[in-house]
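A short worksheet on the structure shown next.
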Amino acid sequence: MSQIDDVQDTIKNTPGLGKSMAKWGALGAVVAIPVPFIGPPLGAIAGAIYAYTKRNKA
């Protein structure tokens with residue numbers, strides 16, 4: 001299995017993780033709008049990564 005498959009399996013097997021990643025991704029996109037050279041796409045990715053990394057802490 002590749003690392004991408006592992007991440008997909010983790011998202012599928014962790015209740016609420018996908019929803020949390022969507023929330024944090026949206027927040028990251030909104031916050032990154034006024035930041036030059038970052039913009040909403042990279043802000044959304046950063047927000048989703050943040051939610052994924054804190055999945056076991058909650």
Side-chain angles (χ1 to χ4, degrees):
M1 284 181 87
S2 70
Q3 191 172 7
I4 293 173
D5 292 333
D6 292 339
V7 170
Q8 289 176 343
D9 289 341
T10 302
I11 293 170
K12 288 178 186 175
N13 296 328
T14 306
L17 179 58
K19 187 175 182 179
S20 176
M21 290 175 72
K23 286 181 189 177
W24 283 102
L27 180 63
V30 170
V31 169
I33 287 173
V35 180
F37 304 110
I38 300 295
L42 293 179
I45 292 169
I49 290 172
Y50 173 75
Y52 184 79
T53 57
K54 73 175 197 106
R55 72 190 178 278
N56 293 331
K57 297 177 184 174

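Note that the structure is a prediction, hence the values are computed from the model and not measured.
- Taken together through direct or relayed side-chain contacts under 4.5 Å among Ile, Leu, Val, Met, Phe, Trp and Tyr, V35 and I49 form part of one hydrophobic cluster.
- Across all their heavy atoms, G39 and A32 have their closest contact at O-CB, 3.3 Å.
- Heavy-atom minimum distance, A51 versus W24: CB-CD1, 3.7 Å.
- Listed for the T14 side chain is a donor-acceptor partner under 3.5 Å among the backbone atoms of T10.
- Not counting sequence neighbours, the partners of A29 by the side chain to side chain contact (heavy atoms under 4.5 Å, CB included) test are P40, A44.
- Other residues sharing the hydrophobic cluster of I4, ordered by chain and number and joined by side-chain separations under 4.5 Å: none, the residue standing alone.
- With sequence neighbours left out, P41 forms a side chain to side chain contact (heavy atoms under 4.5 Å, CB included) with no residue at all.
- Residues that satisfy the side chain to side chain contact (heavy atoms under 4.5 Å, CB included) test with I11, not counting sequence neighbours, are V7, L17, M21, Y52.
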